[in-house]
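Input: a single structure, listed below in C-alpha coordinates.
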There are 2 protein chains.
Amino acid sequence: MGRWEPDAAERLRLAARDLFVEQGFEETTVAQIAERAGLTPRTFFRYYPDKREVLFAGSDQLEEAMAAAARATAPEATAWDAVAAALTAGATMIGGSRAWSRQRQDMLLDHADLQGRELTKLARLATILAGVLRERGVADVEAELVAEAALTVFRLGFAAWLEEPGDRTLAEVIGERLDLLRRL
Amino acid sequence: MGRWEPDAAERLRLAARDLFVEQGFEETTVAQIAERAGLTPRTFFRYYPDKREVLFAGSDQLEEAMAAAARATAPEATAWDAVAAALTAGATMIGGSRAWSRQRQDMLLDHADLQGRELTKLARLATILAGVLRERGVADVEAELVAEAALTVFRLGFAAWLEEPGDRTLAEVIGERLDLLRRL
DNA sequence: CCTCCTGATGTCATGGTGTGACATCACTGT
DNA sequence: ACAGTGATGTCACACCATGACATCAGGAGG
(Lines give C-alpha, C1' and ligand atoms only; values in the text may rest on other atoms or scores of the structure.)
Protein backbone atom coordinates (compact mmCIF):
# COMPACT_ATOMS: atom_id res chain seq x y z
CA MET A 1 0.00 0.00 0.00
CA GLY A 2 1.99 2.95 -1.30
CA ARG A 3 1.59 6.59 -0.51
CA TRP A 4 -2.00 7.76 -0.24
CA GLU A 5 -3.53 9.01 -3.43
CA PRO A 6 -5.89 11.91 -2.74
CA ASP A 7 -9.33 10.99 -3.94
CA ALA A 8 -11.39 13.16 -6.23
CA ALA A 9 -13.23 15.00 -3.45
CA GLU A 10 -9.95 15.91 -1.81
CA ARG A 11 -8.29 16.99 -5.05
CA LEU A 12 -11.26 19.19 -5.81
CA ARG A 13 -11.22 20.66 -2.33
CA LEU A 14 -7.56 21.56 -2.51
CA ALA A 15 -7.80 22.93 -6.03
CA ALA A 16 -10.72 25.08 -4.99
CA ARG A 17 -9.01 26.36 -1.87
CA ASP A 18 -5.89 27.29 -3.80
CA LEU A 19 -7.79 29.08 -6.52
CA PHE A 20 -9.96 30.94 -4.03
CA VAL A 21 -6.84 32.22 -2.30
CA GLU A 22 -5.13 33.12 -5.56
CA GLN A 23 -8.04 34.86 -7.29
CA GLY A 24 -10.89 35.21 -4.85
CA PHE A 25 -14.12 33.29 -4.58
CA GLU A 26 -16.30 34.98 -7.19
CA GLU A 27 -13.48 35.15 -9.69
CA THR A 28 -12.93 31.42 -9.54
CA THR A 29 -15.18 29.31 -11.73
CA VAL A 30 -16.14 25.72 -11.20
CA ALA A 31 -14.58 24.97 -14.57
CA GLN A 32 -11.21 26.18 -13.30
CA ILE A 33 -11.46 24.14 -10.13
CA ALA A 34 -12.34 21.03 -12.06
CA GLU A 35 -9.56 21.57 -14.55
CA ARG A 36 -6.93 21.98 -11.86
CA ALA A 37 -8.14 18.79 -10.23
CA GLY A 38 -8.00 17.02 -13.57
CA LEU A 39 -11.75 16.57 -13.72
CA THR A 40 -14.84 18.00 -15.40
CA PRO A 41 -17.24 20.55 -13.94
CA ARG A 42 -19.95 17.92 -13.99
CA THR A 43 -17.88 15.81 -11.65
CA PHE A 44 -17.37 18.68 -9.24
CA PHE A 45 -21.10 18.80 -8.66
CA ARG A 46 -21.14 15.09 -7.93
CA TYR A 47 -18.97 15.69 -4.90
CA TYR A 48 -20.21 19.09 -3.77
CA PRO A 49 -23.79 20.23 -4.18
CA ASP A 50 -22.59 23.71 -5.07
CA LYS A 51 -19.50 25.83 -5.34
CA ARG A 52 -19.75 27.26 -1.83
CA GLU A 53 -19.97 23.93 -0.10
CA VAL A 54 -16.38 23.08 -0.86
CA LEU A 55 -15.43 25.58 1.84
CA PHE A 56 -17.36 23.63 4.45
CA ALA A 57 -16.01 20.15 3.91
CA GLY A 58 -15.27 18.56 7.23
CA SER A 59 -17.97 20.34 9.16
CA ASP A 60 -19.52 16.95 9.82
CA GLN A 61 -16.51 15.75 11.74
CA LEU A 62 -16.59 18.90 13.80
CA GLU A 63 -20.21 18.30 14.66
CA GLU A 64 -19.56 14.76 15.69
CA ALA A 65 -16.51 15.63 17.76
CA MET A 66 -18.32 18.37 19.65
CA ALA A 67 -21.41 16.29 20.24
CA ALA A 68 -19.27 13.41 21.46
CA ALA A 69 -17.40 15.67 23.85
CA ALA A 70 -20.66 16.94 25.29
CA ARG A 71 -21.99 13.43 25.68
CA ALA A 72 -18.79 12.31 27.35
CA THR A 73 -19.11 14.67 30.30
CA ALA A 74 -20.14 13.24 33.66
CA PRO A 75 -23.90 12.74 33.93
CA GLU A 76 -24.09 15.09 36.90
CA ALA A 77 -22.35 17.92 35.05
CA THR A 78 -24.47 20.97 34.33
CA ALA A 79 -25.68 21.94 30.88
CA TRP A 80 -23.07 24.67 30.78
CA ASP A 81 -20.33 22.22 31.62
CA ALA A 82 -21.43 19.94 28.83
CA VAL A 83 -21.43 22.62 26.19
CA ALA A 84 -18.16 23.96 27.54
CA ALA A 85 -16.63 20.57 26.87
CA ALA A 86 -18.02 20.63 23.34
CA LEU A 87 -16.60 24.09 22.76
CA THR A 88 -13.20 23.05 23.97
CA ALA A 89 -13.22 20.04 21.70
CA GLY A 90 -14.24 22.18 18.76
CA ALA A 91 -11.66 24.81 19.55
CA THR A 92 -8.93 22.22 19.70
CA MET A 93 -10.05 20.76 16.42
CA ILE A 94 -10.01 23.96 14.40
CA GLY A 95 -7.58 25.99 16.47
CA GLY A 96 -4.64 24.74 14.46
CA SER A 97 -4.14 26.61 11.23
CA ARG A 98 -4.83 30.23 11.97
CA ALA A 99 -3.46 31.39 8.63
CA TRP A 100 -5.95 29.48 6.52
CA SER A 101 -8.74 30.28 8.93
CA ARG A 102 -8.02 33.96 8.44
CA GLN A 103 -8.07 33.72 4.68
CA ARG A 104 -11.27 31.76 4.84
CA GLN A 105 -12.83 34.27 7.19
CA ASP A 106 -11.94 37.13 4.87
CA MET A 107 -13.68 35.33 2.05
CA LEU A 108 -16.74 34.78 4.19
CA LEU A 109 -16.89 38.37 5.31
CA ASP A 110 -17.34 39.81 1.88
CA HIS A 111 -19.71 37.24 0.50
CA ALA A 112 -23.03 37.24 2.31
CA ASP A 113 -23.76 33.86 0.79
CA LEU A 114 -20.78 32.24 2.42
CA GLN A 115 -21.32 33.93 5.74
CA GLY A 116 -24.92 32.77 5.64
CA ARG A 117 -23.89 29.23 4.94
CA GLU A 118 -21.50 29.32 7.87
CA LEU A 119 -24.22 30.57 10.16
CA THR A 120 -26.53 27.84 8.94
CA LYS A 121 -23.94 25.20 9.77
CA LEU A 122 -23.56 26.66 13.23
CA ALA A 123 -27.30 26.70 13.72
CA ARG A 124 -27.35 23.04 12.81
CA LEU A 125 -24.60 22.41 15.30
CA ALA A 126 -26.58 24.21 17.96
CA THR A 127 -29.56 22.01 17.23
CA ILE A 128 -27.41 18.93 17.63
CA LEU A 129 -25.97 20.13 20.93
CA ALA A 130 -29.42 20.99 22.19
CA GLY A 131 -30.38 17.43 21.39
CA VAL A 132 -27.50 16.13 23.47
CA LEU A 133 -28.59 18.30 26.35
CA ARG A 134 -32.14 17.02 26.12
CA GLU A 135 -30.81 13.47 26.23
CA ARG A 136 -29.28 14.45 29.54
CA GLY A 137 -32.59 15.63 30.92
CA VAL A 138 -32.33 19.35 30.30
CA ALA A 139 -35.69 20.99 29.60
CA ASP A 140 -36.41 21.87 25.99
CA VAL A 141 -36.30 25.62 26.08
CA GLU A 142 -33.28 25.71 28.33
CA ALA A 143 -31.43 23.23 26.16
CA GLU A 144 -32.06 25.37 23.10
CA LEU A 145 -30.98 28.56 24.81
CA VAL A 146 -27.82 27.14 26.31
CA ALA A 147 -26.75 25.43 23.10
CA GLU A 148 -27.37 28.51 21.00
CA ALA A 149 -25.67 30.79 23.48
CA ALA A 150 -22.68 28.49 23.53
CA LEU A 151 -22.41 28.49 19.78
CA THR A 152 -22.62 32.27 19.79
CA VAL A 153 -19.70 32.32 22.17
CA PHE A 154 -17.88 29.94 19.86
CA ARG A 155 -18.46 32.14 16.87
CA LEU A 156 -17.55 35.41 18.55
CA GLY A 157 -14.55 33.88 20.24
CA PHE A 158 -13.36 32.47 16.96
CA ALA A 159 -13.66 35.81 15.23
CA ALA A 160 -11.86 37.57 18.05
CA TRP A 161 -9.11 34.97 18.05
CA LEU A 162 -8.55 35.50 14.35
CA GLU A 163 -8.07 39.21 14.94
CA GLU A 164 -5.76 38.85 17.91
CA PRO A 165 -2.07 39.33 17.29
CA GLY A 166 -0.92 37.33 20.32
CA ASP A 167 -0.60 33.59 20.58
CA ARG A 168 -3.36 32.72 22.96
CA THR A 169 -5.04 29.50 22.04
CA LEU A 170 -8.52 29.45 20.59
CA ALA A 171 -9.76 27.39 23.51
CA GLU A 172 -8.56 30.08 25.91
CA VAL A 173 -10.29 32.91 24.09
CA ILE A 174 -13.53 30.99 23.91
CA GLY A 175 -13.33 29.79 27.50
CA GLU A 176 -12.87 33.34 28.69
CA ARG A 177 -15.97 34.49 26.84
CA LEU A 178 -18.04 31.61 28.07
CA ASP A 179 -17.16 32.49 31.65
CA LEU A 180 -18.02 36.11 31.02
CA LEU A 181 -21.41 35.21 29.60
CA ARG A 182 -22.23 32.97 32.55
CA ARG A 183 -21.40 35.76 34.93
CA LEU A 184 -23.48 38.34 33.11
CA MET B 1 -54.39 62.86 -4.84
CA GLY B 2 -56.12 59.59 -5.71
CA ARG B 3 -55.55 56.13 -4.39
CA TRP B 4 -51.93 55.12 -4.03
CA GLU B 5 -50.40 53.37 -6.99
CA PRO B 6 -47.98 50.70 -5.84
CA ASP B 7 -44.57 51.44 -7.25
CA ALA B 8 -42.51 48.93 -9.16
CA ALA B 9 -40.61 47.61 -6.14
CA GLU B 10 -43.84 46.97 -4.30
CA ARG B 11 -45.53 45.32 -7.26
CA LEU B 12 -42.54 43.04 -7.69
CA ARG B 13 -42.50 42.20 -4.01
CA LEU B 14 -46.16 41.24 -3.97
CA ALA B 15 -45.95 39.29 -7.20
CA ALA B 16 -42.97 37.37 -5.84
CA ARG B 17 -44.62 36.65 -2.53
CA ASP B 18 -47.75 35.35 -4.20
CA LEU B 19 -45.87 33.14 -6.60
CA PHE B 20 -43.64 31.76 -3.87
CA VAL B 21 -46.70 30.77 -1.89
CA GLU B 22 -48.44 29.31 -4.92
CA GLN B 23 -45.55 27.33 -6.38
CA GLY B 24 -42.66 27.41 -3.96
CA PHE B 25 -39.46 29.39 -4.08
CA GLU B 26 -37.30 27.31 -6.39
CA GLU B 27 -40.16 26.67 -8.76
CA THR B 28 -40.76 30.36 -9.25
CA THR B 29 -38.60 32.05 -11.83
CA VAL B 30 -37.65 35.68 -11.95
CA ALA B 31 -39.27 35.88 -15.35
CA GLN B 32 -42.60 34.85 -13.85
CA ILE B 33 -42.33 37.41 -11.08
CA ALA B 34 -41.52 40.16 -13.53
CA GLU B 35 -44.32 39.15 -15.85
CA ARG B 36 -46.92 39.18 -13.09
CA ALA B 37 -45.73 42.62 -12.07
CA GLY B 38 -45.96 43.77 -15.67
CA LEU B 39 -42.20 44.25 -15.98
CA THR B 40 -39.13 42.58 -17.42
CA PRO B 41 -36.67 40.34 -15.58
CA ARG B 42 -33.98 42.95 -16.09
CA THR B 43 -36.05 45.42 -14.15
CA PHE B 44 -36.49 43.00 -11.27
CA PHE B 45 -32.74 43.05 -10.74
CA ARG B 46 -32.76 46.83 -10.67
CA TYR B 47 -34.87 46.74 -7.53
CA TYR B 48 -33.57 43.60 -5.83
CA PRO B 49 -29.98 42.41 -6.07
CA ASP B 50 -31.16 38.83 -6.34
CA LYS B 51 -34.18 36.64 -6.19
CA ARG B 52 -33.87 35.86 -2.49
CA GLU B 53 -33.66 39.44 -1.37
CA VAL B 54 -37.27 40.11 -2.19
CA LEU B 55 -38.15 38.08 0.91
CA PHE B 56 -36.19 40.47 3.11
CA ALA B 57 -37.59 43.79 2.04
CA GLY B 58 -38.28 45.92 5.06
CA SER B 59 -35.53 44.48 7.19
CA ASP B 60 -33.99 47.94 7.29
CA GLN B 61 -36.97 49.43 9.04
CA LEU B 62 -36.84 46.65 11.61
CA GLU B 63 -33.20 47.39 12.28
CA GLU B 64 -33.86 51.05 12.73
CA ALA B 65 -36.86 50.53 14.96
CA MET B 66 -35.03 48.16 17.25
CA ALA B 67 -31.93 50.30 17.44
CA ALA B 68 -34.07 53.34 18.21
CA ALA B 69 -35.88 51.51 20.97
CA ALA B 70 -32.60 50.49 22.55
CA ARG B 71 -31.27 54.04 22.32
CA ALA B 72 -34.46 55.41 23.84
CA THR B 73 -34.07 53.56 27.13
CA ALA B 74 -32.98 55.51 30.20
CA PRO B 75 -29.23 56.06 30.33
CA GLU B 76 -28.96 54.26 33.64
CA ALA B 77 -30.74 51.16 32.32
CA THR B 78 -28.62 48.01 32.09
CA ALA B 79 -27.46 46.48 28.83
CA TRP B 80 -30.08 43.77 29.22
CA ASP B 81 -32.81 46.34 29.69
CA ALA B 82 -31.76 48.13 26.54
CA VAL B 83 -31.79 45.03 24.37
CA ALA B 84 -35.03 43.94 25.98
CA ALA B 85 -36.59 47.17 24.77
CA ALA B 86 -35.25 46.52 21.30
CA LEU B 87 -36.65 43.01 21.30
CA THR B 88 -40.05 44.24 22.37
CA ALA B 89 -40.07 46.83 19.64
CA GLY B 90 -39.10 44.25 17.07
CA ALA B 91 -41.66 41.76 18.32
CA THR B 92 -44.39 44.35 18.09
CA MET B 93 -43.33 45.23 14.59
CA ILE B 94 -43.39 41.75 13.13
CA GLY B 95 -45.76 40.08 15.54
CA GLY B 96 -48.75 40.95 13.41
CA SER B 97 -49.28 38.57 10.54
CA ARG B 98 -48.56 35.13 11.86
CA ALA B 99 -49.96 33.43 8.77
CA TRP B 100 -47.54 34.98 6.34
CA SER B 101 -44.68 34.59 8.82
CA ARG B 102 -45.38 30.88 8.96
CA GLN B 103 -45.38 30.49 5.21
CA ARG B 104 -42.20 32.47 4.98
CA GLN B 105 -40.58 30.40 7.70
CA ASP B 106 -41.47 27.17 5.90
CA MET B 107 -39.79 28.50 2.81
CA LEU B 108 -36.71 29.43 4.77
CA LEU B 109 -36.52 26.07 6.48
CA ASP B 110 -36.10 24.05 3.35
CA HIS B 111 -33.78 26.38 1.52
CA ALA B 112 -30.42 26.71 3.23
CA ASP B 113 -29.76 29.78 1.14
CA LEU B 114 -32.72 31.65 2.53
CA GLN B 115 -32.13 30.55 6.07
CA GLY B 116 -28.55 31.67 5.74
CA ARG B 117 -29.60 35.04 4.46
CA GLU B 118 -31.97 35.43 7.40
CA LEU B 119 -29.21 34.57 9.84
CA THR B 120 -26.94 37.07 8.15
CA LYS B 121 -29.52 39.80 8.56
CA LEU B 122 -29.86 38.93 12.23
CA ALA B 123 -26.10 38.97 12.66
CA ARG B 124 -26.08 42.43 11.15
CA LEU B 125 -28.79 43.46 13.56
CA ALA B 126 -26.75 42.10 16.44
CA THR B 127 -23.80 44.18 15.33
CA ILE B 128 -25.96 47.28 15.25
CA LEU B 129 -27.35 46.63 18.70
CA ALA B 130 -23.87 45.98 20.03
CA GLY B 131 -22.93 49.37 18.65
CA VAL B 132 -25.78 51.00 20.52
CA LEU B 133 -24.64 49.32 23.72
CA ARG B 134 -21.11 50.55 23.21
CA GLU B 135 -22.44 54.07 22.75
CA ARG B 136 -23.92 53.65 26.21
CA GLY B 137 -20.59 52.72 27.71
CA VAL B 138 -20.83 48.95 27.73
CA ALA B 139 -17.50 47.21 27.27
CA ASP B 140 -16.81 45.75 23.84
CA VAL B 141 -16.90 42.06 24.56
CA GLU B 142 -19.88 42.36 26.84
CA ALA B 143 -21.78 44.43 24.31
CA GLU B 144 -21.19 41.81 21.65
CA LEU B 145 -22.23 38.96 23.87
CA VAL B 146 -25.38 40.61 25.16
CA ALA B 147 -26.50 41.75 21.73
CA GLU B 148 -25.91 38.37 20.15
CA ALA B 149 -27.56 36.54 22.99
CA ALA B 150 -30.56 38.81 22.72
CA LEU B 151 -30.88 38.18 19.01
CA THR B 152 -30.67 34.46 19.65
CA VAL B 153 -33.55 34.81 22.05
CA PHE B 154 -35.41 36.76 19.41
CA ARG B 155 -34.86 34.10 16.81
CA LEU B 156 -35.73 31.15 19.03
CA GLY B 157 -38.72 32.93 20.48
CA PHE B 158 -39.95 33.79 17.03
CA ALA B 159 -39.65 30.20 15.87
CA ALA B 160 -41.42 28.92 18.97
CA TRP B 161 -44.18 31.49 18.58
CA LEU B 162 -44.78 30.35 15.02
CA GLU B 163 -45.22 26.78 16.23
CA GLU B 164 -47.49 27.62 19.14
CA PRO B 165 -51.19 27.02 18.66
CA GLY B 166 -52.29 29.53 21.33
CA ASP B 167 -52.64 33.24 20.95
CA ARG B 168 -49.86 34.52 23.14
CA THR B 169 -48.22 37.55 21.67
CA LEU B 170 -44.75 37.35 20.17
CA ALA B 171 -43.48 39.86 22.69
CA GLU B 172 -44.63 37.63 25.52
CA VAL B 173 -42.92 34.52 24.17
CA ILE B 174 -39.70 36.40 23.64
CA GLY B 175 -39.84 38.17 26.97
CA GLU B 176 -40.28 34.89 28.75
CA ARG B 177 -37.21 33.45 27.07
CA LEU B 178 -35.12 36.49 27.78
CA ASP B 179 -35.95 36.22 31.47
CA LEU B 180 -35.08 32.56 31.44
CA LEU B 181 -31.72 33.21 29.84
CA ARG B 182 -30.84 35.89 32.35
CA ARG B 183 -31.64 33.53 35.18
CA LEU B 184 -29.57 30.69 33.78
C1' DC C 1 -44.67 74.86 -28.24
C1' DC C 2 -40.36 73.01 -28.65
C1' DT C 3 -36.21 71.10 -26.83
C1' DC C 4 -33.32 69.10 -23.66
C1' DC C 5 -32.60 66.38 -19.82
C1' DT C 6 -33.41 62.74 -16.72
C1' DG C 7 -35.16 58.59 -14.75
C1' DA C 8 -37.32 54.35 -15.53
C1' DT C 9 -37.77 50.52 -18.41
C1' DG C 10 -36.87 47.44 -22.34
C1' DT C 11 -33.69 44.81 -25.52
C1' DC C 12 -29.83 42.19 -26.50
C1' DA C 13 -25.86 39.55 -25.43
C1' DT C 14 -23.15 36.93 -22.39
C1' DG C 15 -20.81 34.21 -18.59
C1' DG C 16 -21.57 31.28 -14.89
C1' DT C 17 -24.31 27.82 -12.01
C1' DG C 18 -26.55 23.65 -11.42
C1' DT C 19 -28.86 19.35 -13.27
C1' DG C 20 -30.85 15.54 -16.11
C1' DA C 21 -29.97 11.87 -19.46
C1' DC C 22 -27.01 9.00 -21.39
C1' DA C 23 -22.31 7.13 -22.91
C1' DT C 24 -17.85 5.36 -21.67
C1' DC C 25 -14.26 3.19 -19.33
C1' DA C 26 -11.80 0.75 -15.66
C1' DC C 27 -11.99 -2.48 -12.19
C1' DT C 28 -13.79 -6.60 -9.67
C1' DG C 29 -15.52 -10.91 -8.74
C1' DT C 30 -16.60 -15.29 -10.66
C1' DA D 1 -13.62 -14.09 -20.63
C1' DC D 2 -17.71 -11.82 -19.00
C1' DA D 3 -21.17 -9.27 -16.67
C1' DG D 4 -21.86 -5.90 -13.37
C1' DT D 5 -20.77 -1.74 -10.90
C1' DG D 6 -18.99 2.72 -9.85
C1' DA D 7 -16.75 6.74 -11.33
C1' DT D 8 -16.26 9.98 -14.94
C1' DG D 9 -17.17 12.31 -19.35
C1' DT D 10 -20.33 14.39 -22.92
C1' DC D 11 -24.14 16.89 -24.30
C1' DA D 12 -28.03 19.71 -23.69
C1' DC D 13 -30.53 22.85 -21.11
C1' DA D 14 -32.96 26.22 -17.83
C1' DC D 15 -32.13 29.72 -14.90
C1' DC D 16 -29.55 33.53 -12.54
C1' DA D 17 -27.22 37.74 -12.86
C1' DT D 18 -25.09 41.68 -15.17
C1' DG D 19 -23.11 44.94 -18.71
C1' DA D 20 -24.06 47.91 -22.70
C1' DC D 21 -27.04 50.33 -25.14
C1' DA D 22 -31.79 51.84 -26.85
C1' DT D 23 -36.26 53.80 -25.97
C1' DC D 24 -39.81 56.45 -24.06
C1' DA D 25 -42.46 59.53 -20.99
C1' DG D 26 -42.60 63.53 -18.35
C1' DG D 27 -40.87 67.82 -16.37
C1' DA D 28 -37.94 72.30 -16.65
C1' DG D 29 -36.95 76.12 -19.08
C1' DG D 30 -36.43 78.87 -23.24
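Reminder, nothing fancy here: chain letters follow the sequence lines and each chain counts from 1.
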Under 4.0 angstrom between [X] side-chain N/O and [N] OP1 or OP2:
X        : N       : result
Tyr48(A) : dG18(C) : no
Arg52(B) : dA17(D) : yes
Thr40(B) : dT9(C)  : no

Check every strand shown and say whether Tyr47(B) touches a base, only sugar-phosphate, or nothing at a heavy-atom separation below 4.0 Å.
-> sugar-phosphate
For Pro49(B), report the nucleic acid contact type (base, sugar-phosphate, nothing); a contact means any heavy atom under 4.0 Å.
-> sugar-phosphate
What's the [atom1]-[atom2] distance between [X] and [N], to the nearest Å?
X         : N       : atom1 : atom2 : value
His111(A) : dA17(D) : NE2   : C1'   : 15 Å
Phe45(B)  : dT14(C) : CZ    : C1'   : 14 Å
Arg117(B) : dC16(D) : CZ    : C1'   : 13 Å
Leu12(A)  : dA7(D)  : CG    : P     : 14 Å
Glu53(A)  : dG18(C) : CD    : P     : 11 Å
Asp50(B)  : dT18(D) : CG    : C1'   : 13 Å
Asp113(A) : dT17(C) : CG    : P     : 12 Å

Using the closest heavy atom to pick a nucleotide of DNA chain C for each, name whichever of Thr43(B) or Phe44(A) lands nearer the 5' end.
-> Thr43(B)
Should we say atom CG of Asp167(A) is surrounded by more than 12 heavy atoms from elsewhere, each under 6.0 Å from it?
-> no
Neighbour count above 12 (heavy atom, 6.0 Å) for Glu35(B) CD = no
Does this structure show an ion pair linking [X] with [Y], if we count only N-O contacts that are shorter than 4.0 Å?
X         : Y         : answer
Glu148(B) : Arg177(A) : no
Glu10(B)  : Arg13(B)  : yes
Arg117(B) : Glu53(B)  : yes

Residues within residues 19-38 of chain A bordering DNA chain C, heavy-atom distance below 4.0 Å = Thr28(A), Thr29(A), Val30(A)
Quick note, Arg42(B) side chain, CB onward, closest among dT18(D), dG20(C), dT9(C) is dT18(D)
Select one nucleotide: of dC16(D), dT17(C), dT9(C), the one nearest the side-chain heavy atoms of Leu39(B).
-> dT9(C)
Check against side-chain hydrogen bond (donor to acceptor under 3.5 Å, both in side chains), Thr73(B) and Arg136(B) | CA-CA 10 Å; Thr73(B) 53; Arg136(B) 301 165 60 94; 2.9 Å; yes
Of the non-hydrogen atoms in Trp161(B) and Arg168(B), which two are nearest, and what is the gap between them?
-> NE1-O, 3.1 Å
dG10(C) base to Arg46(B) side chain: any donor-acceptor pair below 3.5 Å?
-> yes
